[in-house]
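These numbers come from a predicted model, not from an experiment.
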Amino acid sequence: MVTPQIHPTVIQLARNLEIGGAQETVRTLAKYLPRTGCPTVVCTFGDGPLRQEIERLGVPVELLPGRRHGIVALPWFIIEMVRRRRDLLEVLAKHGAGVVQTQGLGTLDFLAMTLRLGGRTQVWWTIQNANFMVRGEHVLRHKWLVGPKRAAHRCLYRIGARIVNGIIAVSDETARSFCEAIGDVADKITVVCNAVDIESYPAKADREEVRIRLGFGSDEHLMTMVGTFKRQKGHRYLVEAATSVVGRWPDLHILLVGGGDLAREIETQVNAAGLSNRVHLLGSRRDVPEILAASDSFVLPSLWEGLPVALVEAMAGGLPVIATSVSGTEQVIVEGVTGLLVPPGDAEALADAMIELLSDPAGAATMAAAGRERVAALFSAQGQAERLTALFRQGGPDAEAEVRP
């Protein structure tokens, strides 16, 4: 008699459910892990607009209190972490969960790590970014803490790598970066690339209706960027590049979709460059699939990445793409075949790529078609969920010979 395979209930543990790449991965896995037989619960330390979408999938969402105290308030910090650990144990018991997968938690990865101690719960860290260590922008006050916190995180990641079941890196370069920063823990790392819900792309949208709603005509070229306004995403280089491109293409409009701390700074840069009628800040949106369906091309000028979900979504939507040659993008894009790659932080090279794409519509269409085929074959959410389910079922990376495209 064949014994049926038992799939564990998985807790997807997220910092919050705001709009962002890691959060979108949580939403996608909430949809696809149950299809592979893995019951799923989303647990988060901060609410956000994705909560309703996840609950509409029939996936429970557990909302826990967020952090209030930093390490400088040591006694209160410790008390708070003890309480959050107790909360997580209660969620595990409530849902009978056997697996916790973190998604871009940062410091809270170490809290999740403790769930592995003294129990049978599997804990998997997901490293979403090649530049994952503490940076100055993460410490709003007490800037002197950046160095000590970075050293402490490096030490804790080294210890934790021996404790957790495994580390899931979202791209080959992210895995290499983790090993370079932490040490040789390659035996605990499995690469499972971020993926996209192919069913949602290209969106079933009325292209002209969406354009009218956004205030654009049918003959204008809409080049879209989707990304949080933060230094990592390189918005300022796109604005710099646009100053030398828009004069040659009077019908070009650049749409910046997303919110974030640097939005006002970028808006000031746009206005100072006299581009307010050509570069448009649309804010955070939940109709990104429809905006992509109404767009003509996509650009992502990031300074670093893990494996950018927005880029994969654009390619799944059949758009020709331009991106910087950083972690993850080089794994998704085959230069000159499925998109164009330029060096990060190089506005001049970015402008040249924009001109190349705009000057050759036929070539751009060919790259777009090849890009969609590549995403469907290698970066589908169904494939991602199947790889993760096999990993969780077997309990460690050694059991899965090949889990990446």
Side-chain angles (χ1 to χ4, degrees), residues 11-33 40-57 59-68 70 80 84 87-88 91 100-109 111-112 125-129 131-132 134-135 137-140 170 194-197 200 224-235 255-267 281-292 300 302 304-314 328 381:
I11 300 288
Q12 287 285 315
L13 188 58
R15 184 190 302 273
N16 58 56
L17 295 180
E18 297 293 340
I19 296 171
Q23 294 89 337
E24 187 61 32
T25 295
V26 170
R27 187 202 67 80
T28 301
L29 289 175
K31 177 177 179 179
Y32 280 90
L33 279 174
T40 301
V41 177
V42 171
C43 186
T44 179
F45 298 97
D47 208 347
L50 291 183
R51 179 181 180 182
Q52 290 184 341
E53 295 185 25
I54 292 169
E55 289 178 333
R56 280 198 294 267
L57 295 170
V59 172
V61 175
E62 296 284 353
L63 183 61
L64 302 183
R67 286 180 58 189
R68 296 178 56 194
E80 188 174 59
R84 294 300 81 76
D87 294 338
L88 286 170
V91 171
V100 173
Q101 181 186 1
T102 71
Q103 293 286 356
L105 288 187
T107 301
L108 291 171
D109 270 336
L111 174 63
W125 285 337
T126 303
I127 306 301
Q128 286 279 356
N129 206 307
N131 192 2
F132 67 95
V134 176
R135 302 187 297 276
E137 64 205 70
H138 295 150
V139 183
L140 300 180
V170 301
N194 279 341
V196 65
D197 183 358
S200 299
T224 296
M225 174 187 173
V226 179
T228 303
F229 282 82
K230 55 186 177 181
R231 187 171 68 89
Q232 172 192 348
K233 296 300 180 179
H235 289 82
L255 311 184
L256 304 181
V257 181
D261 295 337
L262 294 185
R264 182 165 296 180
E265 178 180 316
I266 297 303
E267 185 176 19
L281 283 70
L282 303 188
S284 295
R285 310 280 297 225
R286 287 312 300 154
D287 58 346
V288 171
E290 289 75 21
I291 291 175
L292 292 177
L300 189 67
S302 302
W304 68 86
E305 283 288 355
L307 192 148
V309 173
L311 175 63
V312 184
E313 290 175 341

Greater than 12 external heavy atoms within 6.0 Å of R286's CZ
yes
Taking the side chain as everything from C-beta on, heavy atoms only, tell me whether T44 gets closer than 4.5 Å to L63.
yes
For T228 and G260, indicate whether the former's side chain and the latter's backbone hold a donor-acceptor pair under 3.5 Å.
no
Side-chain contact, heavy-atom cut-off 4.5 Å: E62 with I11?
no
Would a distance-only check, ignoring hydrogens and angles, find a side-chain to backbone donor-acceptor pair under 3.5 Å from Q12 to V42?
no
Main-chain N/O of L307 paired to N194 side chain as donor or acceptor, under 3.5 Å:
yes
Which heavy-atom pair separates L300 from P308 by the least distance, and what is that distance?
CD2-CB, 3.6 Å
With side chains defined as the heavy atoms from C-beta onward, is the minimum distance between Q103 and L29 less than 4.5 Å?
yes
To the nearest 0.5 Å, what is the distance between CE on M225 and CG on L311?
11.0 Å
Intermediate values then yes/no, side-chain contact (heavy atoms from CB on, under 4.5 Å), L108 and T102:
CA-CA 9 Å; L108 291 171; T102 71; over 6 Å; no
If you round to the nearest 0.5 Å, how far is CD of Q128 from CD of Q23?
9.0 Å
Value for CH2 (W304) from CD (Q232), rounded to nearest 0.5 Å, stands at 5.5 Å
Rounded to the nearest 0.5 Å, the OH atom of Y32 sits from the CG atom of D197 at a distance of 3.5 Å
From R231 atom CZ to S302 atom OG, the distance as rounded to the nearest 0.5 Å
12.0 Å
Between K233 and E305, is any pair of side-chain heavy atoms under 4.5 Å apart?
yes
Check ion pair E18-R27 (N to O, under 4.0 angstrom):
no
Report the C-alpha separation of K230 and D261 in whole Å, then their side-chain angles, then the decisive distance to 0.1 Å, and conclude whether the side-chain contact (heavy atoms from CB on, under 4.5 Å) test is met.
CA-CA 6 Å; K230 55 186 177 181; D261 295 337; over 6 Å; no
For residues V170 and T126, determine if any side-chain heavy atom of one lies less than 4.5 Å from a side-chain heavy atom of the other.
yes
Rounded at 0.5 Å granularity, tell me how far OG1 in T28 sits from CD in E313.
7.0 Å
Taking C-beta and beyond as the side chain, do P65 and R84 meet within less than 4.5 Å on heavy atoms?
yes
Tightest non-hydrogen contact, residues L13 and L88, listed as CD1-CD2, 3.8 Å
Which atoms form the tightest heavy-atom contact between A30 and V59, and what is the distance?
O-CG2, 3.2 Å
Would you name the heavy atoms of G259 and S284 that are closest together and state the gap between them?
N-OG, 3.2 Å
Determine the minimum heavy-atom distance between L105 and A14, stating which atoms define it.
CD2-C, 3.5 Å
Do T107 and R67 have side chains that get closer than 4.5 Å, going by heavy atoms?
yes
Side-chain heavy atoms of E53 within contact of L50, under 4.5 Å:
yes
At their closest point, which heavy atom of L64 faces which heavy atom of C43, and how far apart are they?
CD1-SG, 3.6 Å
Quick check on Q52: does its CD atom have over 12 non-hydrogen neighbours (other residues, nucleotides or ligands) under 6.0 Å away?
no
